[in-house]
Amino acid sequence: MAETLRPNVAQFIKGPLQHYINGQWRPSKDGAVDDVIDPSTGKPICKVAMGGADEIDAAVAAAHGAFHSWASKTPNERSVMLHRLADSLEKHAADLAQLESMDVGKAIVNSEGFDIPFGVEGTRYFADLAVRALYDIPLGIKNIEARVHRVPYGVCGFVFPWNFPYDLLIWGVMPALAAGNTVVVKPSEVTPLTTLYVCKLASEVGIPPGVINVVVGTGAKAGSPLTAHPLVKRMSFTGSPGVGRIIGEVCGKNLKPCKLELGGKGAAVIFDDVDVNATAEKLAAAITLNTGQVCCTATRWIIHEKIYDDLVSKTREKLKAIRVGPALDRNTQMGPLVSRVQLERVTHYIENGTKQGATLLLEPQTLKVTGHEGGFYVTPSLLAGQSDNICCREEIFGPTAYVLKFKDEESAVKEVNSLSYGLANSVWSSDLKRAHRVAERMVAGNSWINANNVFAYGLPYGGVNLSGMGGGVNSPETFNDYLRSQTIARPL
Ligand code: NAD
């Protein structure tokens with residue numbers, strides 16, 4: 001059953017949706033707006049202002065102006081304010097879930113069951129870290145009275161992608177705010193809704209003007225001037241390796257610290273001692289979660305030859321049974337892809353992969369859903385073939401996996417490490433000694449055992465090589481990233 005829009009959501013999308021700068025809603029100076037498209041229908045949800053350098057300048061000036069006062073609050077005062085925001089996020093969870101699902105095409109059961117509550121928990125986690133952190137660390141140095149004094153950087157810039165707009169916002173900005181920085185956020189132009197809704201709630205609970213600022217716009221017009229702005233003291237980017245490289249270059253040129261959370265092509269190595277049916281269930285869930293648009297999920301399945309046929313056949317059946325439909329329909333297990341561009345990207349990859357010799361073990365179908373004919377629906381698919389195939393080597397970002405066979409542990413590990421990505425891999429075996437050994441040998445920021453997508457506060461997460469640098473997301477590491485150290489010393 002499709003849901004009707006909640007009153008707060010219906011009111012919010014009436015708009016006009018504008019930038020949030022210095023605690024106020026502002027249009028773009030040049031009046032530019034664009035449609036926000038609903039992936040379930042292909043039709044506009046509403047219009048949103050599209051900003052550029054003028055709006056970025058205003059947002060950075062506001063964040064700069066608010067910094068001293070925010071940084072001077074006690075950690076406890078900041079923590080209390082962020083806890084109030086968390087309470088408000090929780091109170092408006094149903095509104096946020098509906099907005100996130102409409103905007104991204106994410107099944108409503110997932111937004112409600114995971115994305116929104118996990119962001120509430122994250123806000124509380126970082127609010128608590130603010131009061132637990134050490135801001136002065138005494139040093140035992142002979143003949144010198146010395147300490148490391150830890151202070152926030154100032155204005156921090158954030159550029160986010162479209163696949164988990166709300167959670168990535170929380171994971172990104174909450175540690176920065178808790179540590180006493182002020183922020184300017186450029187969400188993806190494709191999915192700005194929950195980011196703007198969080199600003200509305202932040203304003204209602206009394207987060208002071210200028211502490212959080214959001215400018216919606218394209219990467220070229222808004223992301224670029226934000227990255228290069230001299231008053232932005234630290235940058236954080238989540239998105240594709242291509243854009244990550246550009247942002248890293250600009251930050252490098254300006255000697256600005258920069259965290260990059262980039263794409264992945266996660267492998268799952270499955271040994272012959274697993275429960276085949278249970279593993280098939282988890283693999284099917286991995287590539288259909290968020291319609292496969294998950295940077296860290298398992299999209300290369302490296303399966304022991306003894307169970308290959310059985311596991312592939314069971315997974316195929318489970319994928320065929322996945323209910324694809326509109327994001328707000330409560331029966332939907334997998335919604336549409338986020339955009340027409342993404343639908344074309346997935347389709348082209350699969351066409352190219354088959355041209356290069358891959359076999360389709362499960363063919364993707366582009367669907368016309370009654371009443372939602374313009375939506376960007378595609379069913380899950382499975383490919384098999386050589387490991388040099390484009391679909392095995394590049395991030396597709398859709399509900400599709402590439403399967404390979406292996407004989408021995410050594411060749412499986414070699415296969416995993418043959419790509420430059422290094423975000424997350426998993427190993428599946430009931431022999432835990434072997435599982436730990438393989439987990440250690442797979443080169444990436446994260447190795448998961450008998451599971452996919454293991455996220456919990458306190459568990460660091462990040463990528464290496466083509467998947468990024470400076471991880472630690474969701475852990476004290478990322479909170480500490482937003483404090484710079486200053487040594488204070490007095491010879492005795
Ligand atoms: P993208 O790189 O195309 O865009 C990401 C953001 O960068 C958008 O807001 C975009 O407007 C902006 N941007 C584009 N060009 C820019 C420029 N020159 N300067 C500044 N900003 C610019 O990525 P996408 O298509 O939105 O998202 C998908 C990608 O994100 C995938 O590669 C996925 O793996 C990755 N991702 C990684 C993680 C992680 O934690 N490692 C999490 C989610 C998504």
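Index from 1, following the sequence. Every number for a ligand or one of its atoms is a count from 1 in the order of the listing.
Within a 4.0 Å radius of atom 4 (O) of ligand 1, the protein contributes no heavy atom.
Nearest protein heavy-atom contact of atom 15 (N) of ligand 1 is Val243 CG1, 3.5 Å. For atom 17 (C) of ligand 1, the closest non-hydrogen atom on the protein side is Gly219 O, 3.8 Å. Nearest non-hydrogen protein atom to atom 41 (N) of ligand 1 is Leu262 O, 2.6 Å. The protein heavy-atom contact nearest to atom 33 (C) of ligand 1 is Phe397 CZ, 3.3 Å. Summary of contacts: the protein heavy atom closest to atom 43 (C) of ligand 1 is Asn163 OD1, 3.2 Å. With hydrogens left out, the protein atom closest to atom 9 (O) of ligand 1 is Phe160 O, 2.7 Å, a heavy atom. Residue, atom and distance of the protein heavy atom nearest to atom 26 (O) of ligand 1 are Trp162 CD1, 3.1 Å. Protein heavy atom in closest approach to atom 20 (C) of ligand 1: Gly223 C, 3.3 Å.
For atom 2 (O) of ligand 1, the choice among Gly239, Ser240, Pro192 with the nearest heavy atom turns out to be Ser240. Around atom 11 (O) of ligand 1, the closest heavy atom drawn from Gln293, Met235, Arg245, Glu189 belongs to Glu189. With distances taken over non-hydrogen atoms, the option nearest atom 27 (O) of ligand 1 out of Gly462, Cys295, Pro161 is Pro161.
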If you look only at distance, which donor and acceptor atoms sit under 3.5 Å apart when one is on a side chain in residues 14-22 and the other is two or more places apart or in another chain?
{"from": "His19", "atom 1": "ND1", "to": "Val216", "atom 2": "N", "distance (Å)": "3.1"}
{"from": "His19", "atom 1": "NE2", "to": "Ser28", "atom 2": "OG", "distance (Å)": "2.8"}

Do any side-chain atoms of residues 180-188 form donor-acceptor pairs under 3.5 angstrom with protein atoms, and if so which ones, sequence neighbours left out?
{"from": "Asn181", "atom 1": "OD1", "to": "Tyr153", "atom 2": "N", "distance (Å)": "2.7"}
{"from": "Asn181", "atom 1": "OD1", "to": "Gly154", "atom 2": "N", "distance (Å)": "3.1"}
{"from": "Asn181", "atom 1": "ND2", "to": "Ala176", "atom 2": "O", "distance (Å)": "3.0"}
{"from": "Asn181", "atom 1": "ND2", "to": "Tyr482", "atom 2": "O", "distance (Å)": "2.9"}
{"from": "Thr182", "atom 1": "OG1", "to": "Ala63", "atom 2": "O", "distance (Å)": "2.8"}
{"from": "Lys186", "atom 1": "NZ", "to": "Glu189", "atom 2": "OE1", "distance (Å)": "3.3"}
{"from": "Lys186", "atom 1": "NZ", "to": "Gly217", "atom 2": "O", "distance (Å)": "2.7"}
{"from": "Ser188", "atom 1": "OG", "to": "Val190", "atom 2": "N", "distance (Å)": "3.1"}

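Annotation for ligand 1: atoms under 4.0 Å from non-hydrogen atoms of Val159 are 6 (C), 7 (O), 9 (O), 12 (C), 21 (N). Contact atoms of ligand 1 toward Leu168: 43 (C) (distance under 4.0 Å to a heavy atom of the residue). The atoms of ligand 1 that sit less than 4.0 Å from any heavy atom of Thr238 are 5 (C), 37 (C), 38 (C), 39 (C), 40 (O), 42 (C), 43 (C). For ligand 1, the atoms closer than 4.0 angstrom to any heavy atom of Ser188 are 9 (O).
Remark: the backbone N or O of Pro460 is not paired with any side-chain donor or acceptor of Glu477 at under 3.5 angstrom. Side-chain N or O atoms of Lys256 include one that pairs as donor or acceptor with a backbone N or O of His229 at under 3.5 Å.
Atoms CE and CD1, from Met334 and Ile322 in turn, are 7.5 Å apart once rounded to the nearest 0.5 Å.
Remark: the Thr478 side chain and the Lys259 side chain contain an N/O donor-acceptor pair separated by less than 3.5 Å.
Within 6.0 Å of atom NE2 in His64, 12 or fewer heavy atoms from other residues, nucleotides or ligands are found, so the atom counts as exposed in its surroundings.
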Test side-chain contact (heavy atoms from CB on, under 4.5 Å) on Leu260 and Arg245 and set out the steps. CA-CA 9 Å; Leu260 302 174; Arg245 232 185 259 278; over 6 Å; no
Apply side-chain hydrogen bond (donor to acceptor under 3.5 Å, both in side chains) to the pair Thr194 and Glu100, showing each step before the final yes or no. CA-CA 6 Å; Thr194 45; Glu100 189 81 333; 2.6 Å; yes
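Distances from ligand 1 to the non-hydrogen atoms of Gly468 include no value under 4.0 Å.
When only interatomic distances are considered, the shortest N/O to N/O separation between Lys186 and ligand 1 falls below 3.5 Å. On a distance-only criterion, Glu395 and ligand 1 share at least one N/O pair closer than 3.5 Å. Close N/O approach between Phe237 and ligand 1 is not found [any backbone or side-chain N/O within under 3.5 Å].
Checked options Val173, Val473, Asp115, Thr238; the residue passing with Leu168 is Thr238 (criterion: side chain to side chain contact (heavy atoms under 4.5 Å, CB included)).
Within the 4.0 Å heavy-atom criterion, the part of Ile247 lying near ligand 1 is the side chain and not the backbone.
When all heavy atoms of Ile37 and Pro39 are compared, the pair lying nearest together is O-CD, 3.3 Å.
Ring pair Phe118/Phe455 is perpendicular by interplanar angle, where above 60° counts as perpendicular and below 30° as parallel.
Aromatic ring centres of Trp171 and Phe160 lie farther apart than the 6.0 Å criterion allows.
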